[in-house]
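Below, all heavy atoms of this structure are taken into account, side chains as well, without hydrogens, waters or symmetry copies.
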Amino acid sequence: MDKDRIKSILTIGLIKLFIYWLASIYGCLVTIKLIYSRIKYGPDYFKIKDRTLPPAVLQDPAFKHSYVKLKDVKLHYVEAGDKSKPLMLFVHGFPEFWFSWRHQLKHFSQNYWVVAFDMRGYGDSDRPSGIKNYKMEYLVGDIVNLVKSLGRENCILVGHDWGGAIAWTTAAISPAVVEKLIILNAPHSGAFYKKFKSSLKQFLKSWYMFYFQLPYLPEFSAMTDDISIFKKVLTRADGSLMGSEEELEAYKYTYSKRENWTEPLNYYKAALSATNIYNKDVSKLPKIHQPTLIIWGESDLALEPDFPELSAQYCTGTIEIQKIKNGNHFIQNDKPAEVNSAIEKFLS
């Protein structure tokens, strides 16, 4: 075995050790919080309401539900609008599903054929088991194959959070599929990895990525207090809820079982694997040449505010940045009217 091979094995081993050391620290802190909450709120803190029937809001007649069988996965999607018009494809983030795009689907269905799908592992789409099935190459492949299965050569690709990360990569390595790119609160992977390694503030904000490497505990903690994580995620800074109680129930229904969390968490396990970090060379990704819009909620608690400008450095085509004051990470739900207006202006 040559020296370079030995060096790479040792380096990967050290990275893996560091990841699980940090994950264990965060796991201990979360466990202490869970124990404290159990003492404070009693046994009901660990109870989950039985949700067997979907809320009526998930059966909105404005949307048609369909499935498409790709090479190795069956995806669920909803659609609206005229199929003869340009395709707008929406890609959600974590912890979300197609429903997080409901405001945009209704608004843009007037002039576009709008499609939002549950990514593999989410919602009503197939859930391939195993971390390896959630590598970026498969996630990009799903978008490319979905566009083709819908009978189109390209689309206007809209992505948020994890969906944004996948959309960035799709536009870079499969440019023919993306006519225009619209990103909501998701940095380009090159910008993220540079910031992640150089900024202690961003490193600490990304604590959950390490925590999600643990087995069982992230799923268990996400479901405590009747899955109250969604009330926290979908509450604005002023305390108001981003939608109705029934819409909140839609998220809880979709994530009401432990297995609903396991595969979405595998996205983080695949992204933060020691081998992936060691081999990561974002400079190999082609630049983005498509017209690109970055919409950014300035009150994002998980991502630093200069990510739009850092991400723009990876674009050679037309790039527009629209920052939304007091908008949080889940910007398409927090400020739907402003998001829709920014997208409409960009597309006109």
Side-chain angles (χ1 to χ4, degrees), residues 54-68 75-119 122-125 143 146-147 150-152 154-164 167 179-186 230 233-236 240-255 293-297 322 324 327-348:
V57 72
L58 289 179
Q59 299 170 319
D60 189 333
F63 306 128
K64 178 186 176 183
H65 292 253
S66 300
Y67 291 87
V68 60
L75 299 179
H76 165 254
Y77 67 93
V78 300
E79 61 176 303
D82 188 341
K83 287 187 177 183
S84 67
K85 294 181 177 179
L87 171 63
M88 284 185 76
L89 182 62
F90 295 85
V91 196
H92 65 81
F94 173 91
E96 299 173 290
F97 62 117
W98 72 264
F99 187 68
S100 65
W101 294 112
R102 61 196 180 281
H103 302 296
Q104 289 68 45
L105 292 173
K106 287 186 176 179
H107 182 84
F108 289 100
S109 63
Q110 301 171 44
N111 298 308
Y112 298 89
W113 178 30
V114 293
V115 173
F117 70 103
D118 291 332
M119 295 195 294
Y122 283 86
D124 291 325
S125 288
I143 291 179
L146 176 58
V147 171
L150 292 173
R152 297 301 178 89
N154 55 42
C155 68
I156 298 165
L157 188 59
V158 189
H160 166 253
D161 185 76
W162 254 108
E179 179 188 354
K180 292 182 179 179
L181 180 65
I182 301 171
I183 301 293
L184 286 71
N185 282 71
F230 285 113
V233 164
L234 298 173
T235 297
R236 298 185 175 93
S240 64
L241 194 63
M242 301 179 211
S244 65
E245 287 291 338
E246 186 182 18
E247 288 173 323
L248 175 61
E249 275 297 307
Y251 285 88
K252 289 188 175 185
Y253 169 80
T254 301
Y255 284 87
L293 169 65
I294 301 176
I295 299 174
W296 203 267
Q322 179 65 53
I324 298 179
N328 68 19
H329 180 73
F330 299 91
I331 191 64
Q332 75 272 37
N333 285 298
D334 186 18
K335 306 283 187 180
E338 292 179 49
V339 166
N340 292 347
S341 177
I343 294 175
E344 202 166 69
K345 182 179 177 183
F346 172 71
L347 295 176
S348 62

Aromatic ring pairing Phe97/Tyr255, orientation class (parallel under 30°, perpendicular over 60°, tilted between): perpendicular
According to salt bridge (charged side-chain N to carboxylate O under 4.0 Å, His left out), does anything in residues 98-107 pair up with another residue at least two apart or in another chain? List the pairs. Asp60-Lys106, Arg102-Glu247
Contacts of type ring-ring contact (aromatic ring centres under 6.0 Å, His included), residue Tyr112, not counting sequence neighbours: none
Hey, could you give me each pair passing salt bridge (charged side-chain N to carboxylate O under 4.0 Å, His left out) that has a residue in residues 80-97? Not counting sequence neighbours. Glu79-Lys83
Sequence-distant partners of Asp124, side chain to side chain contact (heavy atoms under 4.5 Å, CB included), two or more places apart: Tyr67, His76, Asp118
Between side-chain atoms of residues 341-348 and protein atoms elsewhere (two or more places apart, or another chain), which donor-acceptor pairs fall under 3.5 Å?
unit_1 : atom_1 : unit_2 : atom_2 : d
Glu344 : OE2    : His107 : NE2    : 2.9
Ser348 : OG     : Lys345 : O      : 2.7

The ring-ring contact (aromatic ring centres under 6.0 Å, His included) partners of Phe330 (sequence neighbours excluded) come to His160
For Asn340, enumerate each residue passing the side chain to side chain donor-acceptor pair (under 3.5 Å) test, keeping only those at least two apart in sequence or located in another chain. Gln104
Tell me every residue that passes ring-ring contact (aromatic ring centres under 6.0 Å, His included) with Tyr77, counting only those two or more places apart in sequence or in another chain. none
Output all residues satisfying side chain to side chain donor-acceptor pair (under 3.5 Å) with Glu338, sequence neighbours left out; order by chain, then residue number. none
If only atom types and distance count, is the side chain of His92 paired as donor or acceptor with the main-chain N or O of Met119 below 3.5 Å? yes
Taken in chain and number order and not counting sequence neighbours, the residues that satisfy salt bridge (charged side-chain N to carboxylate O under 4.0 Å, His left out) with Glu179 are none
Going by salt bridge (charged side-chain N to carboxylate O under 4.0 Å, His left out), name the residues that satisfy it together with Lys252, two or more places apart in sequence or in a different chain. Asp226
Trp101 meets the ring-ring contact (aromatic ring centres under 6.0 Å, His included) criterion, sequence neighbours left out, with Phe90
